[in-house]
Student: 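One structure follows; several queries about it will come next.
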Amino acid sequence: MTDKRAFIERRPGEGDYAVRKPGSERASAVLPTQAKAIDWAQQRGADVFVERVRQTKGGTPDKWRRP
C-alpha cells in the first residue's frame, strides 16, 4: 500500500512552499504560493496536509491540518 499523504510546508528564508512525501529528504515540488502547492498535490491524488504552527490551549504546537 502506498502512502498518498503530501505535506505542504513553508520554506524559511525563501518564502515559497515545498510539497513533501512522508520521510523524504527532498521536496517533490517547490511552488511560489500555498494555494498552488495544494493544487499541485491534489492533482496527483495526494491526501494533503498543510503546515500550521500555533500554540493550542494545551500549550503544544498544532502542526498539520487539512486545507
Side-chain angles (χ1 to χ4, degrees):
M1 182 179 209
T2 59
D3 191 350
K4 298 293 271 178
R5 293 179 297 165
F7 296 94
I8 312 295
E9 52 191 15
R10 187 156 197 209
R11 297 192 326 158
E14 285 83 9
D16 49 10
Y17 292 84
V19 180
R20 295 185 189 274
K21 293 181 181 180
S24 68
E25 291 183 21
R26 296 180 58 197
S28 299
V30 176
L31 296 135
T33 66
Q34 188 179 57
K36 287 182 181 181
I38 290 168
D39 288 341
W40 187 91
Q42 287 176 338
Q43 287 175 0
R44 283 149 183 82
D47 187 15
V48 178
F49 292 88
V50 179
E51 181 178 38
R52 174 176 66 173
V53 180
R54 67 178 174 90
Q55 295 298 319
T56 62
K57 291 179 184 177
T60 58
D62 178 19
K63 182 76 171 162
W64 300 103
R65 66 174 174 89
R66 293 182 190 270

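Predicted model only: the values in this text are computed from it and were never measured.
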Student: Mind listing the closest non-hydrogen atom pair of Arg20 and Arg26 along with its distance?
Tutor: NH1-C, 3.4 Å

Student: Between CD1 of Ile38 and CD of Gln43, what distance do you get to the nearest 0.5 Å?
Tutor: 12.0 Å

Student: Under the salt bridge (Lys or Arg N to Asp or Glu O under 4.0 Å) rule, collect the residues that match up with Arg5, sequence neighbours excluded.
Tutor: Asp3

Student: Grab the two heavy atoms, one from Glu51 and one from Gln34, that are nearest each other, plus how far apart they are.
Tutor: O-NE2, 4.3 Å

Student: Looking at Val19, Ile8, Asp16, which hits side chain to side chain contact (heavy atoms under 4.5 Å, CB included) with Leu31?
Tutor: Val19

Student: Only pairs at least two apart or in different chains count here, so list each ring pair (Phe, Tyr, Trp, His ring centres under 6.0 Å) that has a residue in residues 2-36.
Tutor: Phe7-Phe49, Phe7-Trp64

